[in-house]
Asks: 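Quick one: this structure, given as structure tokens, is what I'll be asking you about.
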There are 2 protein chains.
Amino acid sequence: MGIIRKTVSIDLLLNEFEQESNAISAVDLIKRLDKQINKTTIYRVLDKLEDDGVLHSFLGFDGVKWYAKCKGCTKSVHKDFHPHFQCLSCGTVDCLNIHVNIPEIPNREVLFSQLLIQGKCEACAA
Amino acid sequence: MGIIRKTVSIDLLLNEFEQESNAISAVDLIKRLDKQINKTTIYRVLDKLEDDGVLHSFLGFDGVKWYAKCKGCTKSVHKDFHPHFQCLSCGTVDCLNIHVNIPEIPNREVLFSQLLIQGKCEACAA
DNA sequence: CTCGTTAATGCAACCGAGTTGCAAATATAG
DNA sequence: CTATATTTGCAACTCGGTTGCATTAACGAG
Ligand SMILES: [Zn+2]
Ligand SMILES: [Zn+2]
Ligand SMILES: [Zn+2]
Ligand SMILES: [Zn+2]
């Protein structure tokens, strides 16, 4: 179920994503907004923003949840699928605007796929 | 650090992987061997078997750890990289013997990648 | 085979990400 | 302004995984 009422928590969270072009982990958001929003609320608002097609989520290499802005998704249609990149040096995670095509697999029906690429980001690949 | 002494726990765990061609989650192994091995030991042995190139691990869609047999890896050289498939109906997870090539990404150094494909397995794709 | 060393194990307590139940607060329609 | 439904905070909880430490067991030397 998506967002029904505009609240301060929602504004604060959306503001974090305006300021940041990279993905942000739920854990990091909890730290950043520690004095302003309870962690339960953060998880709940993120969940609703995802339902509404405002954000999308995925798991980083250690299994923690990351969120990033969606481009062109709506409450009913989520179409912004893409790989993600995690820098092993600085930990930064971001969305990759590339298409990787997944081959057909005999006798199986492929529905989704999640690709996480690890390496060094522009700043860290000296 | 790998395995130094042959123990009963190791035999029991390896036996599970002999009997099963699919991947097995750590959680499932703990359930299966509940009466025989402590969960701490299970995690530790799995870790060592991975170090030794006997098993490899990856995260399933919900972030839990899965293990499967390696083919042709040794303690020093881990070369058996491949995508994994998780069936959304029955939960089965297995290794895919296919190659998906990851494109170059401008200004970034790609070191690893993990691809998890979700869909319906042969048995469930009626 | 026995013994001593050291690796492996079991247990309990702990950690950290994420969830739940419920009462209190607040957004919004009327 | 008031009523009502949504949202929030808090505390307690769940669950996968880890840690510290005392006990047990593998195995090579003798
Ligand atoms: Zn970096
Ligand atoms: Zn993304
Ligand atoms: Zn299946
Ligand atoms: Zn595999």
Asks: Mark yes when over 12 heavy atoms from residues, nucleotides or ligands other than A/K69 sit less than 6.0 Å from its NZ; otherwise mark no.
Replies: yes
Asks: Across nucleotides 14-20 of chain D, 5' to 3', mark each nucleotide with B, S or - according to how protein heavy atoms within less than 4.0 Å reach it.
Replies: --SBBBB
Asks: I'd like to know if B/L59 and A/L116 are part of one continuous hydrophobic network [Ile/Leu/Val/Met/Phe/Trp/Tyr, side-chain heavy atoms within less than 4.5 Å].
Replies: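 As far as the 4.5 Å side-chain criterion goes, B/L59 and A/L116 are not connected within one cluster.
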Asks: Round to a whole Å and report the spacing from NZ of A/K31 to C1' of C/dG16.
Replies: 11 Å
Asks: Atom CD1 of A/I3 and atom C1' of C/dA27: how far apart are they, to the nearest Å?
Replies: 13 Å
Asks: Does B/Q19, at its CD atom, have more than 12 non-hydrogen atoms belonging to other residues, nucleotides or ligands within less than 6.0 Å?
Replies: yes
Asks: Students often mix this up, so state it plainly: with edges at 30° and 60°, are the rings of B/H56 and B/H82 parallel, tilted or perpendicular?
Replies: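 Judged by the thresholds at 30° and 60°, the geometry between B/H56 and B/H82 is perpendicular.
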Asks: Measuring from atom CG of A/L88 to atom NZ of A/K120, what distance do you get when rounded to the nearest 0.5 angstrom?
Replies: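 So the CG of A/L88 and the NZ of A/K120 are separated by 8.5 Å.
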Asks: What is the distance, rounded to the nearest whole Å, between atom CG of B/L14 and atom P of C/dA8?
Replies: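 B/L14 atom CG is separated from C/dA8 atom P by 14 Å.
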Asks: To the nearest Å, give me how far apart CG (A/D34) and P (C/dA17) are.
Replies: 13 Å
Asks: Out of curiosity, A/Y43 OH to A/L29 CG, how far, rounded to the nearest 0.5 Å?
Replies: 9.5 Å
Asks: More than 12 foreign heavy atoms under 6.0 Å from CG of B/N97: is that the case here?
Replies: no
Asks: Please report, rounded to the nearest Å, how far the P atom of D/dC10 is from the CD1 atom of A/I42.
Replies: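 Atom CD1 in A/I42 sits about 12 Å away from atom P in D/dC10.
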Asks: State whether B/T41 places a side-chain N or O below 4.0 Å from either non-bridging phosphate oxygen (OP1 or OP2) of C/dG10.
Replies: yes
Asks: Please list, pair by pair, any protein nitrogen or oxygen found under 3.5 Å from a nitrogen or oxygen in nucleotides 28-30 of chain C.
Replies:
from, atom 1, to, atom 2, distance (Å)
C/dT28, OP1, A/K6, N, 3.0

Asks: Nearest 0.5 Å please: distance from the CD atom of A/Q86 over to the CG atom of B/L111.
Replies: 12.0 Å
Asks: Write down the distance between CG (B/N38) and P (D/dT24), rounded to a whole number of angstrom.
Replies: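 My rounded result for the distance is 15 Å.
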Asks: What's the CG-C1' distance between A/L13 and D/dT7, to the nearest Å?
Replies: 13 Å
Asks: Whole angstrom is fine here: how far is it from CD1 in B/I37 over to C1' in C/dC11?
Replies: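 Distance, rounded to whole Å: 15 Å.
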Asks: To the nearest 0.5 angstrom, please state how far the CD1 atom of A/I102 sits from the CZ atom of A/F81.
Replies: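 Separation between the atoms: 12.5 Å.
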